[in-house]
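Notes to accompany the following structure.
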There are 2 protein chains.
Amino acid sequence: MEIKPVTLKDIAKALGMSTSTVSRALNDSYEINENTKKLVVDYAKKVDYRPNPIALSLKENKSWSIGVVVPEVANNFFSMAINGIEDEANGCGYHVVICQSHESLEKETQNVKHLATRQIDGLLISLSGKTTDIGHIMHYSRSPYSVVFFDRVPEAGNYHKVVADNFKGAFEATDYLIKAKGITKIAHVTSPPSLSITRERLEGYKAALEKNGIAVDEELIKYVGFEPQDAYDTVNKLIAEKHPEAFFVASDRLALNCYEAFSKHLHYSEKTVPFVGFTNLSVSHLFNPKIFTVVQPAYEMGRNAARILIDSIESKKKVKEFEMITLETKLKFE
Amino acid sequence: MEIKPVTLKDIAKALGMSTSTVSRALNDSYEINENTKKLVVDYAKKVDYRPNPIALSLKENKSWSIGVVVPEVANNFFSMAINGIEDEANGCGYHVVICQSHESLEKETQNVKHLATRQIDGLLISLSGKTTDIGHIMHYSRSPYSVVFFDRVPEAGNYHKVVADNFKGAFEATDYLIKAKGITKIAHVTSPPSLSITRERLEGYKAALEKNGIAVDEELIKYVGFEPQDAYDTVNKLIAEKHPEAFFVASDRLALNCYEAFSKHLHYSEKTVPFVGFTNLSVSHLFNPKIFTVVQPAYEMGRNAARILIDSIESKKKVKEFEMITLETKLKFE
DNA sequence: TTGTACGCGTTATCAG
DNA sequence: CTGATAACGCGTACAA
């Protein structure tokens with residue numbers, strides 16, 4: 001039952017010609033007799049010949065694969081982004097190798113090194129919550145152009161980046177809470193300050209407060225890690241000490257973690273506290289108490305990031321530029 | 001900035017010896033002088049030499065990669081299973097190529113063929129909702145032993161399989177509804193009848209009814225596809241026509257789809273209707289009205305499937321046997 | 001129009 | 001102990 005793949009050599013032997021003739025015929029070379037060509041092509045199809053991509057990779061020094069490093073897969077934002085990445089990549093003949101950093105810098109470094117060793121042609125990465133500098137990433141990349149950061153990107157430096165308009169999304173959500181709901185005491189539970197998304201969303205939140213003449217209360221702003229317990233404790237403490245009228249939580253994972261604690265305080269939350277998440281939770285609209293969400297274009301971010309990477313890999317021109325795409329978020333009410 | 005990886009040849013040239021010596025030194029061959037060995041190893045570390053896996057693959061006819069085909073990634077059950085697969089595979093030096101069938105037989109066939117072309121060493125697959133026969137899968141596998149089915153497995157035939165104890169899980173859930181809640185009119189919304197999980201869960205459901213002396217009402221059993229609209233319509237129709245006291249919904253995706261419709265009938269559901277899902281939704285406990293769930297050991301299923309596959313790939317013995325693992329589900333109450 | 005020879009990076013075999 | 005050579009599958013410059 002063991003199947004040995006058909007090689008060029010097999011075909012050549014069967015048809016009594018040389019491997020190069022077969023190779024050229026299959027690549028539709030202009031310098032091959034039409035009859036020979038047809039003969040070869042038909043036979044190849046008959047025996048289901050498929051070129052060995054490993055041999056090609058070795059020859060061309062190109063693996064036709066791109067690496068993806070995300071904090072976790074079991075997360076709606078990232079799995080939707082991966083959808084986009086796969087669609088674009090597969091459409092262009094690439095396959096995708098996915099690694100998870102589990103929010104650890106060490107794991108992330110291992111992943112990047114592992115992928116580099118696997119000869120990936122390019123890298124798509126969303127930084128871990130512990131990452132503050134990207135030396136370990138650039139060190140293992142073929143060139144600065146063969147890396148595209150998405151969502152969680154480095155603040156400084158010129159690189160390919162695909163992000164959501166985090167400032168605007170946060171601004172709109174906060175502004176809505178104030179204007180439409182008349183709420184002024186809004187807690188902001190957000191990711192570690194090292195992440196770009198954290199700062200941008202925080203700025204949006206602050207800008208909306210200021211625009212509406214509300215003083216920023218630093219005690220309402222909490223940075224938490226991605227461990228469930230962190231968010232749980234923080235929410236409980238906030239409720240006990242600051243009695244916020246609303247929560248603005250700044251990511252998928254965080255929203256999940258917070259909500260757990262939050263749902264323990266139903267008597268409190270059912271009355272007035274709206275819960276706003278910067279999330280792609282597919283189920284957010286099913287929660288009770290209701291939350292509304294700043295939805296990120298996760299699929300599009302993945303798709304765009306992959307496109308930029310592949311363009312960059314395949315671009316022959318020497319002078320390249322870094323691309324930077326900012327996609328709009330969408331406020332989703334219940 | 002373009003980095004060219006260091007090769008054996010580079011090291012050989014730099015150290016003034018032959019590539020074979022360098023190769024043997026790095027592979028700790030017994031027939032190499034300790035001094036030479038140390039010299040080579042130190043230098044290799046200094047220049048960060050990493051063997052080119054593509055060259056190795058070509059030589060060994062082994063890609064050190066395994067393929068995974070799942071219906072979708074943005075699904076908690078599958079993303080958790082992928083976690084398990086990656087952990088096991090990476091631990092054994094393999095990397096994982098993930099493809100999504102999107103519940104389409106055609107896509108699934110393409111995926112399997114694509115993976116075969118990429119020279120994967122083995123395949124892990126959970127069948128699409130449209131798959132009724134696995135000819136297309138076995139056709140492209142190296143051997144029947146290099147395929148492991150998990151969760152959604154073929155009914156007939158001898159193959160490696162990793163499944164949950166679907167019968168028992170469904171039985172326990174149904175039995176609980178009857179015994180603890182005193183409910184007798186339980187609707188069962190389930191996946192297409194072509195899937196193994198569908199039949200097993202249905203059997204469990206029926207067995208529990210029968211054991212408790214309740215007649216099976218076939219009109220309470222609905223097979224639906226994975227399109228959101230299917231479930232939505234089905235739930236509405238069931239509520240209008242049959243007034244079930246409880247819903248037992250048989251998968252992650254289905255539960256999500258049903259719940260949408262379900263939450264529109266809050267006046268109805270808040271009173272009495274419990275909702276039981278065969279799911280791994282990380283958020284199920286946050287829903288309101290509450291549901292309880294038959295939780296599958298998704299991570300463990302992935303991990304076990306990968307282990308069996310790798311064992312099988314690496315096993316040298318000629319006589320092999322098919323492994324079949326059944327893991328326990330867990331009833332999770334609120 | 002077709003065949004021969006080489007190289008991609010590595011290891012195994014055979015000489016020395 | 002170490003070096004030269006073949007082989008894995010493919011494409012292509014060079015020869016015929």
Checklist entry - Between N111(A) and E108(A), is any side-chain donor less than 3.5 angstrom from a side-chain acceptor? => result no

Using atom types as modelled and distance alone, determine if a side-chain donor or acceptor of T117(A) lies under 3.5 Å from a backbone N or O of K113(A).
yes

Contact string for nucleotides 9-16 of chain D, one letter per nucleotide 5' to 3', B = base within protein heavy-atom range under 4.0 Å, S = sugar-phosphate only, - = neither, reads BBBBBB--

Between Y43(A) and L15(A), is there a side-chain heavy-atom distance shorter than 4.5 Å? yes

In DNA chain D, consecutive runs of at least three Watson-Crick or G-U pairs below 3.5 Å, as range with range, amount to C:1-16 with D:1-16

Side chains of T21(B) and S18(B) only: does a donor on one sit below 3.5 Å from an acceptor on the other?
yes

### Message
Please classify the nucleic acid contact of S57(A) as base, sugar-phosphate, or nothing, using heavy-atom distances under 4.0 Å.
### Response
nothing

Separation of dT2(D) atom C1' from E34(B) atom CD, nearest Å, is 15 Å

In the 5' to 3' direction, the nucleotides of DNA chain C bounding the stretch that comes under 4.0 Å of a heavy atom in chain A are dT1(C) to dG9(C)

Of I98(B), L124(B), V70(B), the one forming a side-chain contact (heavy atoms from CB on, under 4.5 Å) with I85(B) is L124(B)

note: L39(B), atom CG; dT2(D), atom P; distance rounded to Å ~ 10 Å

**Asked** Side chains of S126(A) and R152(A): is there a donor and an acceptor less than 3.5 Å apart?
**Response** no

If the threshold is 4.0 Å, N to carboxylate O, is there a salt bridge linking E300(B) and R303(B)? no

For this session: Quick one: do D151(A) and V163(A) satisfy side chain to side chain contact (heavy atoms under 4.5 Å, CB included)? Show the steps, please.
Result: CA-CA 5 Å; D151(A) 190 47; V163(A) 294; over 6 Å; no

Next on the checklist: Whether the Y49(A) and D10(A) side chains hold a donor-acceptor pair (N or O, under 3.5 Å, no angle test) is what I'd like checked.
Outcome noted: no

Next item on the list: Compute whether any side-chain donor of one residue and acceptor of the other, for S128(A) and T131(A), lie under 3.5 angstrom apart.
Entry: yes

